[in-house]
Amino acid sequence: MTNEHTEKPIMSSQAFAVLGGGKIAYVKPIKSENVHELYPQAPQMQPGLQLFALHAADGTPILVTDTREAAVANAWTNELEAVSVH
């Protein structure tokens with residue numbers, strides 16, 4: 001999130017890390033060709049696939065899956081509240 005007047009983040013990454021008492025995660029759609037940026041150890045994937053990444057509030061990647069529902073279910077399994085980012 002940025003302030004349109006200054007283009008600087010409104011919240012620091014430290015502020016995001018403690019957002020929701022460490023119980024918030026976000027689901028973000030990503031393309032398969034971008035998976036290696038988050039998970040260098042991931043196997044090669046067909047380019048152009050729509051995937052969903054689950055991240056901790058501070059941006060730490062948790063997992064990548066092929067459905068939003070699977071990402072949300074994993075968040076719930078780990079007692080995290082999942083929110084979507086576009």
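These figures come from a predicted structure and were not determined experimentally. Counting begins at 1 with the first residue of the sequence.
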All pairs passing ring pair (Phe, Tyr, Trp, His ring centres under 6.0 Å) where residues 44-70 contributes a residue, at least two apart: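 Applying ring pair (Phe, Tyr, Trp, His ring centres under 6.0 Å) to every pair that reaches into residues 44-70, excluding sequence neighbours, yields Tyr26-His55.
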
Side chain to side chain contact (heavy atoms under 4.5 Å, CB included) partners for [X], two or more places apart:
X: Glu33; result: Lys31, Pro47
X: Ala73; result: none
X: Asn78; result: Asn74, Leu80

Do Ser32 side-chain atoms and Gly48 backbone N/O form a donor-acceptor pair below 3.5 Å?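 Yes, because the side chain of Ser32 sits within donor-acceptor range (under 3.5 Å) of the backbone of Gly48.
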
For Gln50 and Ile30, indicate whether the former's side chain and the latter's backbone hold a donor-acceptor pair under 3.5 Å.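 Yes; at least one donor-acceptor contact below 3.5 Å.
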
Leu54 and Thr65, any side-chain heavy atoms less than 4.5 Å apart: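 No, every pair of side-chain atoms sits at 4.5 Å or beyond.
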
Would you name the heavy atoms of Leu38 and Ala53 that are closest together and state the gap between them?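 Taking every non-hydrogen atom into account, CD1-CB, 4.2 Å.
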
When rounded to the nearest 0.5 angstrom, what distance separates CG in Asn34 from OH in Tyr39?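 Atom-to-atom, Asn34:CG and Tyr39:OH are 13.0 Å apart.
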
About how many Å separate CG of Leu51 and CG of Leu63, when rounded to the nearest 0.5 Å?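 It comes to 11.0 Å.
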
Set of side chain to side chain donor-acceptor pair (under 3.5 Å) partners for Gln46, sequence neighbours left out: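 Not a single residue meets the side chain to side chain donor-acceptor pair (under 3.5 Å) criterion with Gln46.
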
Apply side chain to side chain donor-acceptor pair (under 3.5 Å) to Asp66 and list each qualifying residue two or more places apart in sequence or on a separate chain.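 Asp66 satisfies side chain to side chain donor-acceptor pair (under 3.5 Å) with no other residue.
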
Between the side chains of His36 and Gln41, is a donor N or O closer than 3.5 angstrom to an acceptor N or O?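 No, Gln41 and His36 have no side-chain donor paired with an acceptor closer than 3.5 Å.
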
